Amino acid sequence: MLKPKLVFDDTNCRVVTEDDTINAFYTDDENPDNQCPHEVVEVVVKMYNEGKELMEIDAYLLDAVCTQDAREIMIEGLYPLFNPEG
């Protein structure tokens, strides 16, 4: 099964599938511990769409200007897309 393509909907601060059927994760939160710059989110979406593995995306986020909480939210949101069976 092909992985769905993701898009960054920066207007609504979320990452969704291109057909808007799956919301992977939100990129803005009232909690400052969950913040991540839009540039980082754009790179994550690009890496996913290029077929990078979840571990590669996680490694990128470890070095990115992003909080640990935001990193975890993104990885947890992407996990079901990499493992649709559970």
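Treat the numbers as computed from the prediction; the structure is a model and nothing was measured.
Taking every heavy atom of both residues into account, Pro4 and Asn49 meet most closely at O-OD1, 4.5 Å. Closest of all the heavy-atom pairs between Met47 and Glu56 is CE-O, 3.6 Å.
Annotation: side chain of Ile22 is not in contact with side chain of Val16 (no heavy-atom distance under 4.5 Å). Using a 4.5 Å cut-off on side-chain heavy atoms (C-beta onward), Met74 and Cys66 make contact. Between Val45 and Val7, the closest side-chain pair of non-hydrogen atoms is not below 4.5 Å. Looking at heavy atoms from C-beta onward, Leu54 lies in side-chain contact with Leu78 at the 4.5 angstrom threshold.
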Inset, instruction - Determine, step by step, whether Phe8 and Val44 satisfy the side-chain contact (heavy atoms from CB on, under 4.5 Å) criterion, reporting the C-alpha distance in whole Å, the side-chain angles of both residues, the deciding distance to 0.1 Å, and the verdict. - result: CA-CA 10 Å; Phe8 178 34; Val44 167; over 6 Å; no

Inset, instruction - Let me see the working for Val41 and Val15 under side-chain contact (heavy atoms from CB on, under 4.5 Å), right down to the final yes or no. - result: CA-CA 8 Å; Val41 176; Val15 171; 3.6 Å; yes

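Ion pairing between a basic and an acidic side chain is recognised when a charged N comes within 4.0 Å of a carboxylate O; Asp20 and Arg14 show such pairing. Under a 4.0 Å N-O distance rule, the pair Lys46/Glu50 qualifies as a salt bridge.
The distance from the SG atom of Cys36 to the CD atom of Glu42 is 10.5 Å, given to the nearest 0.5 Å. How far CD1 of Ile57 is from CG of Leu62: 12.5 Å, rounded to the nearest 0.5 Å.
When the ring pair (Phe, Tyr, Trp, His ring centres under 6.0 Å) test is applied to Phe82, the partners found at least two apart in sequence or on another chain are Tyr48. Here Asp10 pairs with nothing under the salt bridge (charged side-chain N to carboxylate O under 4.0 Å, His left out) rule; sequence neighbours left out.
No continuous path of hydrophobic side-chain contacts links Tyr60 to Val65 [ILVMFWY only; heavy atoms under 4.5 Å].
Put simply, the side chain of Thr17 never gets that close to the backbone of Leu6: no donor and acceptor are under 3.5 Å apart.
If you check the side chains of Thr67 and Asp69, you find no donor sitting under 3.5 Å from an acceptor.
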